[in-house]
Amino acid sequence: MHDLCAKLSWERTEETEDEKEMSKKDNGAAVILAYLNAKNRPYSAQDVFCNLQKQHGLGKTAVVKAMELLVLEGKIKEKTYGKQKIYFADQAQFKDVSDADLKAMDCRISALNEEVQALSQSCRQLDAELKELNSSLTTEEMMSEMGRLKEECSSSRERLKNIKSASNHVTPEEKEKVVKEHNIYVREWRKRKRLASDMMDTILEGYPKSKKEFLEEVGVETDEDCKVVVPTV
């Protein structure tokens, strides 16, 4: 049985090689004719070359010559659009299609288009679900993250416990005192900043250079130079 299968396989391979050799000898005319008749749609020589080159090993020049020969023999038809030629099967060889058959084909095409749209929508939904799943954590990663969060929660509880049990809390009176002092210093800061600004403006009225050059000359650093902002009271 094994020998028989091997023999049949060898015979099929030999036939395929023979077909390829025959297509090369006749420049692929028979292959191209069969292809155009089977597809029954217009193609350029470039289209036919791209579609058949891989399977039959036909060269671009051979394809062009073969199609021109088929046209001369009346086996296929050609149309010229500008600089491009389009080739298609001779429609006379096909049976006439009745209006009923055309209507049935249109219905079939419409049904297939609806099926394609439904499948495309389903594919988009599946792609979205796949992306969401790929961006989600795996079970192992989830377990690891849960362990990390539990340790973080435990550490935070311990820190909160220590804070609550501490005996050196700031009393409301001490907090109020600190806030009052802070407000005093901020107001004083604003007052001195305003006085310094007024002084500089007065000097700059008779100064021949820019404010920036003046500050560099006297060696003054502003709050902005130090990237400091006066706090709000």
Side-chain angles (χ1 to χ4, degrees), residues 1-139 141:
M1 184 68 178
H2 177 75
D3 294 340
L4 178 59
C5 291
K7 182 178 179 181
L8 291 174
S9 176
W10 178 83
E11 288 177 350
R12 284 196 297 270
T13 302
E14 187 178 33
E15 288 173 358
T16 301
E17 294 298 327
D18 289 343
E19 289 175 356
K20 288 183 178 181
E21 188 64 29
M22 288 175 63
S23 67
K24 289 181 180 179
K25 288 181 179 179
D26 65 359
N27 292 327
V31 172
I32 293 172
L33 177 61
Y35 178 76
L36 291 177
N37 286 337
K39 297 298 182 181
N40 195 21
R41 53 165 292 180
Y43 287 107
S44 67
Q46 179 66 30
D47 293 332
V48 174
F49 165 69
C50 293
N51 295 341
L52 299 180
Q53 188 271 336
K54 184 176 180 181
Q55 181 179 0
H56 298 280
L58 300 176
K60 176 67 178 294
T61 303
V63 169
V64 172
K65 289 182 177 180
M67 297 182 78
E68 290 176 349
L69 176 62
L70 291 171
V71 170
L72 290 175
E73 294 176 348
K75 294 180 179 179
I76 64 174
K77 301 295 182 180
E78 78 172 6
K79 290 280 187 180
T80 302
Y81 297 93
K83 296 181 179 181
Q84 187 176 26
K85 291 183 179 181
I86 300 299
Y87 301 88
F88 53 92
D90 183 5
Q91 300 301 300
Q93 64 182 307
F94 301 112
K95 295 181 179 179
D96 292 337
V97 180
S98 64
D99 292 340
D101 290 337
L102 289 174
K103 186 175 181 179
M105 290 180 186
D106 289 339
C107 292
R108 177 59 177 165
I109 291 172
S110 178
L112 290 174
N113 285 333
E114 292 179 0
E115 184 178 352
V116 168
Q117 292 179 1
L119 290 173
S120 298
Q121 178 64 25
S122 177
C123 287
R124 286 192 292 269
Q125 292 176 351
L126 291 174
D127 285 339
E129 292 178 8
L130 179 60
K131 290 180 179 178
E132 183 177 354
L133 290 173
N134 287 334
S135 62
S136 302
L137 297 176
T138 63
T139 303
E141 291 172 338

Gap separating the [atom1] atom of [X] from the [atom2] atom of [Y], nearest 0.5 angstrom:
| X | Y | atom1 | atom2 | result |
| --- | --- | --- | --- | --- |
| D101 | D106 | CG | CG | 11.0 Å |
| S135 | K131 | OG | NZ | 10.5 Å |
| R124 | L126 | CZ | CG | 11.0 Å |
| Y35 | R41 | OH | CZ | 7.5 Å |

Donor-acceptor pairs are to be reported for all side-chain atoms of residues 72-93 against protein atoms at under 3.5 Å, with residues two or more places apart or in another chain.
{"residue": "E73", "atom": "OE1", "partner": "K75", "partner atom": "NZ", "Å": "3.3"}
{"residue": "D90", "atom": "OD1", "partner": "A92", "partner atom": "N", "Å": "3.1"}
{"residue": "Q91", "atom": "NE2", "partner": "N40", "partner atom": "OD1", "Å": "2.8"}
{"residue": "Q91", "atom": "NE2", "partner": "A89", "partner atom": "O", "Å": "2.9"}
{"residue": "Q93", "atom": "NE2", "partner": "N37", "partner atom": "OD1", "Å": "2.8"}
{"residue": "Q93", "atom": "NE2", "partner": "D90", "partner atom": "O", "Å": "3.0"}

Least distance between heavy atoms, L36 atom then V48 atom: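 Shortest heavy-atom separation between L36 and V48 comes out as CD2-CG2, 4.3 Å.
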
What pair of heavy atoms forms the shortest contact from L58 to G28, and how long is it?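 So the minimum-distance heavy-atom pair works out to CD2-CA, 3.9 Å.
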
Tell me if a side-chain donor or acceptor on D47 pairs with a main-chain N or O of S44 at a distance below 3.5 Å.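 Checking the backbone N and O of S44 against the side chain of D47, a donor-acceptor pair under 3.5 Å is found.
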
Atom CD of E141: over 12 foreign heavy atoms under 6.0 Å: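 Yes - once you tally the heavy atoms of other residues, nucleotides and ligands closer than 6.0 Å, there are more than 12.
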
Could you list the donor-acceptor pairs under 3.5 angstrom formed between side-chain atoms of residues 110-120 and any protein atom two or more places apart in sequence or on another chain?
{"residue": "N113", "atom": "ND2", "partner": "I109", "partner atom": "O", "Å": "3.3"}
{"residue": "S120", "atom": "OG", "partner": "V116", "partner atom": "O", "Å": "2.8"}

Does any part of the side chain of L52, heavy atoms only, come nearer than 4.5 Å to the side chain of V63, both counted from C-beta?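 Sidechains of L52 and V63: no contact.
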
